[in-house]
Amino acid sequence: IDILKSHIKNLDEPVWFRGHGRKEWILESKLVRDKKTSLERDIINKFKQNATLILSEKNPDYIYPDDYDWLFLMQHYGVPTRLLDWTESPLVALYFAVYNQAHHDSDGVLWVLLPSKLNNFARLTFSSPNIIPSFNDEQMKNWSPQRIEEVGVQNYFPVAAIATRNNRRMQAQLSVFTISPGDNKPIDQIEDKSHIWRYLIPAESKKELFKELEYLSINEFRLFPELDKIWNSIKGKDW
């Protein structure tokens, strides 16, 4: 926190964060990493085919009106998309960098992104330089699934945007997103890299950092407020 404060205290712009359990992981969404962007429409259609009845039974009045909303839902349930999850909280990002014991033998990283600077590379312009667009904004149409389907994978830069936090997990994690237009460079490898940096998290520090986050109530149930997470939040070391 002290190091982060020294680097962002004079910044007058939004700051986003993302935690990686292993330092070698790159900032690419799964669909882009697997070079499957051209299959996006097929994935969305098949997900809709099987999800619509389940959604209507849970909430008959809720309608998912556009493809971006479907992408958020798919991301929530682990379906590959062009979205990459970020958070407005450095502690939430730190949790994701240290929680998984399977990676406690490897160094992790905490990524820091200046989303306004990223959007400047894509020539997104607004009345204020620090405005982060909503996915519903007109300027976001070039990154939409419909546009990708119409004109194919484009050589645009990834962009940062905010979405309606319409589920408890997104709200708890203070979720925000970047989206890539296709099979392009990872976010940390574009332009002069002034929009992004990272902090190394040594493997030997992960266990202690995880305990400190627990003291601050940054834990699994806090970030995933769902019934199947309750037991993990209440069981003690004796179990």
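From a predicted model like this one, the values you see are computed outputs, not experimental measurements.
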How many angstroms lie between atom [atom1] of [X] and atom [atom2] of [Y], to the nearest 0.5 angstrom?
X	Y	atom1	atom2	result
His104	Ser205	NE2	OG	11.0 Å
Leu124	Asn119	CG	CG	5.0 Å
Lys23	Ser106	NZ	OG	9.0 Å
Glu149	Thr37	CD	OG1	13.5 Å

Notebook entry, point to check: For the ring pair (Phe, Tyr, Trp, His ring centres under 6.0 Å) test, which of Phe157, Trp111, Trp16, Phe121 pairs with His195?
Noted result: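 Of the listed residues Phe157, Trp111, Trp16, Phe121, the ring pair (Phe, Tyr, Trp, His ring centres under 6.0 Å) partner of His195 is Phe121.
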Ionic contact status for [Y] with [X], cut-off 4.0 Å:
X	Y	value
Lys48	Asp67	yes
Lys35	Glu40	no
Lys117	Glu13	yes
Glu226	Arg169	yes

Next item on the list: For residues Pro14 and Ser116, report the shortest heavy-atom separation together with the two atoms involved.
Entry: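 Of all heavy-atom pairs spanning Pro14 and Ser116, the closest is CD-OG, 3.6 Å.
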Next item on the list: Quick one: closest heavy-atom pair of Met140 and Pro133, and the distance?
Entry: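 Answer, listing the atom of Met140 first, then Pro133: SD-CG, 4.0 Å.
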Note to self: Let's go through Tyr99 and Glu214 carefully: what are the C-alpha distance in whole Å and the side-chain angles of both, what is the deciding distance for side-chain contact (heavy atoms from CB on, under 4.5 Å) to 0.1 Å, and is it a yes or a no?
What the structure shows: CA-CA 10 Å; Tyr99 83 100; Glu214 284 279 352; over 6 Å; no
Next item on the list: Give the ring-plane orientation class for Tyr199 versus His7, where under 30° counts as parallel, over 60° as perpendicular and anything between as tilted.
Entry: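 Taking His7 first and then Tyr199, their aromatic rings lie parallel (interplane angle under 30°).
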Notebook entry, point to check: Between Phe72 and Tyr68, what is the ring plane arrangement, given parallel below 30°, perpendicular above 60°, and tilted in between?
Noted result: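 Phe72 and Tyr68: parallel rings.
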Next item on the list: Let me know which of Thr81, Leu71, Leu31 forms a side-chain contact (heavy atoms from CB on, under 4.5 Å) with Ile43.
Entry: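 So, applying the side-chain contact (heavy atoms from CB on, under 4.5 Å) to Ile43 and each of Thr81, Leu71, Leu31, only Leu31 qualifies.
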Next item on the list: Show the numbers, then the answer: is there a side-chain contact (heavy atoms from CB on, under 4.5 Å) between Ile187 and Ile196?
Entry: CA-CA 8 Å; Ile187 290 173; Ile196 194 162; 3.9 Å; yes
Note to self: Determine whether Leu118 and Ile190 satisfy the following criterion, side-chain contact (heavy atoms from CB on, under 4.5 Å), listing intermediate values before the conclusion.
What the structure shows: CA-CA 9 Å; Leu118 176 65; Ile190 62 176; 3.5 Å; yes
